[in-house]
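As structure tokens, the structure follows; a few thoughts come after it.
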Amino acid sequence: MNELYLCESKQIDLKSTLDGGQAFRWHQHGNGFRGIIGQFSYYIFIKNKKIYISSDNLSKEKIVFIKNYLDLQYDLNLLKRNFKNNLYLSSLFKKYFGLRILKQDPWETVVCFITSSVSNISKIKKNINDLCLNIGDKVGSGYYDYTFPVPEKIINFGEENLRKLGFGFRSPYIIDASKKVINKDIILENLFNYSYEKSLSELTKIKGVGRKVADCIMTYGFQREDVFAVDRWVRRGLVNNLGYNSKHNNDKLSIVARNNFGSFSSYIQQYIFYGEKT
DNA sequence: ACTCAGGGTCGAC
DNA sequence: GTCGACCCTGAG
């Protein structure tokens, strides 16, 4: 177990980024967060206004990987400058500066955002962590140190057990997603090369995945920056603070906002979501 | 004990 | 496009 320097603390806000509703397996511990990425557990923390990471066998390659996962190369100041004339967005960027979009595992985001439907962050976290505790592989000494289960494990676990864990009506949807991935009805890796529209039509083949959930999967699992996921919170921000038409449904708002903000869409959506929810 | 709402989507009309 | 149903859980 060794620890290495990542960046200055002002470069990233750990709480809003790791525990603000885009990822569900980071847990506060002391001055930082513990969590699993892939097969390894990490502790990311602040000390003397610097961010460090500790893990087993930290190598240069792992540091490069983590910096990419945290999206540290993204230029938040450019984002801020681009919308300096928009009072609402400016206040969000100032207030929550350091919030970044994580580059998570595609499969994990599929399951997490199916689970997110009409739920809340604390319940999503409970569901997802219960799933990992039950059928993930133990990879560390910490309570939550389990991997995210592959589709085969979830199928084997079954719908009834998902219901017992509290996934409710989302249980058959998660089974359907697992089956479609195993059967190659949908090949997730291919989405990295698809257009937005093509990715959307692929993802919505999965039961329980509509435009909103698909948008979240594309944003957090496929690193797309030109996606504007609209939920009840983002809707409030768009309608109440940016003058969007309240008669539009969320799908329409998503399309309009995406056209307006282009490749800034995902980050703007993230700041609006966090600002409206907080 | 009871109501309400939380990062929606599905199927029927 | 609209509408009720779908599961569960914590808060008031």
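A note on names: the letters A, B, ... follow the listed sequences, proteins ahead of strands, and every chain is numbered from 1.
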[atom1] gap between [N] and [M], integer Å:
| N | M | atom1 | value |
| --- | --- | --- | --- |
| C:dT9 | B:dC10 | C1' | 23 Å |
| C:dA5 | B:dT3 | P | 16 Å |
| B:dA1 | C:dG12 | C1' | 13 Å |
| C:dC7 | B:dA12 | P | 15 Å |
| C:dG4 | B:dA5 | P | 15 Å |

A:Lys212 side chain reached by A:Val230 side chain, heavy atoms, under 4.5 Å: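 SC-SC contact between A:Val230 and A:Lys212 ruled out.
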Quick one, A:Asp105 and A:Ile37 - any side-chain contact, counting heavy atoms below 4.5 Å?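 The answer is no; the side chains never approach within 4.5 Å.
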Categorize [X] for me: base, sugar-phosphate, or nothing, with a 4.0 angstrom heavy-atom threshold over every strand shown.
| X | result |
| --- | --- |
| A:Arg235 | nothing |
| A:Val118 | base |
| A:Gly208 | sugar-phosphate |

Separation of [N] [atom2] from [X] [atom1] (nearest whole Å):
| X | N | atom1 | atom2 | result |
| --- | --- | --- | --- | --- |
| A:Ile114 | C:dC7 | CD1 | C1' | 15 Å |
| A:Asn249 | C:dC3 | CG | C1' | 14 Å |
| A:Phe228 | B:dG7 | CZ | P | 17 Å |
| A:Tyr173 | B:dT9 | OH | P | 10 Å |
| A:Asp251 | C:dG1 | CG | C1' | 11 Å |
| A:Asp231 | B:dG8 | CG | P | 6 Å |
| A:Ile175 | C:dC6 | CD1 | C1' | 17 Å |
| A:Asn127 | C:dC6 | CG | C1' | 15 Å |

pi-stack flag for A:Phe169 and C:dC6, centroid dist under 5.5 Å, interplanar under 30°: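 Stacked: centres under 5.5 Å apart, planes under 30°.
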Would you say A:Phe273 stacks on B:dG7, if stacking means ring centres under 5.5 Å apart and planes within less than 30 degrees?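 Aromatic stack with B:dG7 present for A:Phe273.
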Would the A:Tyr96 and A:Tyr274 ring centres measure less than 6.0 Å apart?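 Centroid separation for A:Tyr96 and A:Tyr274: below 6.0 Å.
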Can you find an N or O donor on one side and an acceptor on the other, under 3.5 Å apart, linking the side chain of [X] with the base of [N]?
| X | N | answer |
| --- | --- | --- |
| A:Arg170 | C:dC6 | no |
| A:Ser117 | B:dG8 | yes |
| A:Tyr220 | B:dG7 | yes |

Does A:Arg211 put a side-chain nitrogen or oxygen below 4.0 Å from OP1 or OP2 of B:dG8?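 It does not, given that no N or O in the side chain of A:Arg211 lies less than 4.0 Å from OP1 or OP2 of B:dG8.
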Please tell me which of A:Val230 and A:Lys207 maps to the more 5' nucleotide of DNA chain B, matching each residue to the nucleotide holding its nearest heavy atom.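 Going by which nucleotide is closer to the 5' end, it is A:Val230.
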First of A:Lys123 and A:Gly210 reached from the 5' end of DNA chain B, by closest nucleotide: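 So the residue in question is A:Lys123.
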Does a side-chain N-to-carboxylate-O contact under 4.0 Å join A:Lys50 and A:Glu8?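 Yes, charged N to carboxylate O under 4.0 Å.
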Could you let me know what B:dG11 is paired to, Watson-Crick or G-U wobble, both distances under 3.5 Å, or none if it's on its own?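 Pairing partner: C:dC3.
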Do A:Lys80 and A:Phe93 form a cation-pi contact, if we require the NZ or CZ to be under 6.0 Å from the six-membered ring centre and within 45 degrees of the ring's axis?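 Because its charged atom misses either the 6.0 Å distance or the 45° angle limit, A:Lys80 does not stack over A:Phe93.
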Under the salt bridge (charged side-chain N to carboxylate O under 4.0 Å, His left out) criterion, do A:Arg100 and A:Asp13 qualify, and how do the steps go? CA-CA 8 Å; A:Arg100 291 174 185 276; A:Asp13 182 69; over 6 Å; no
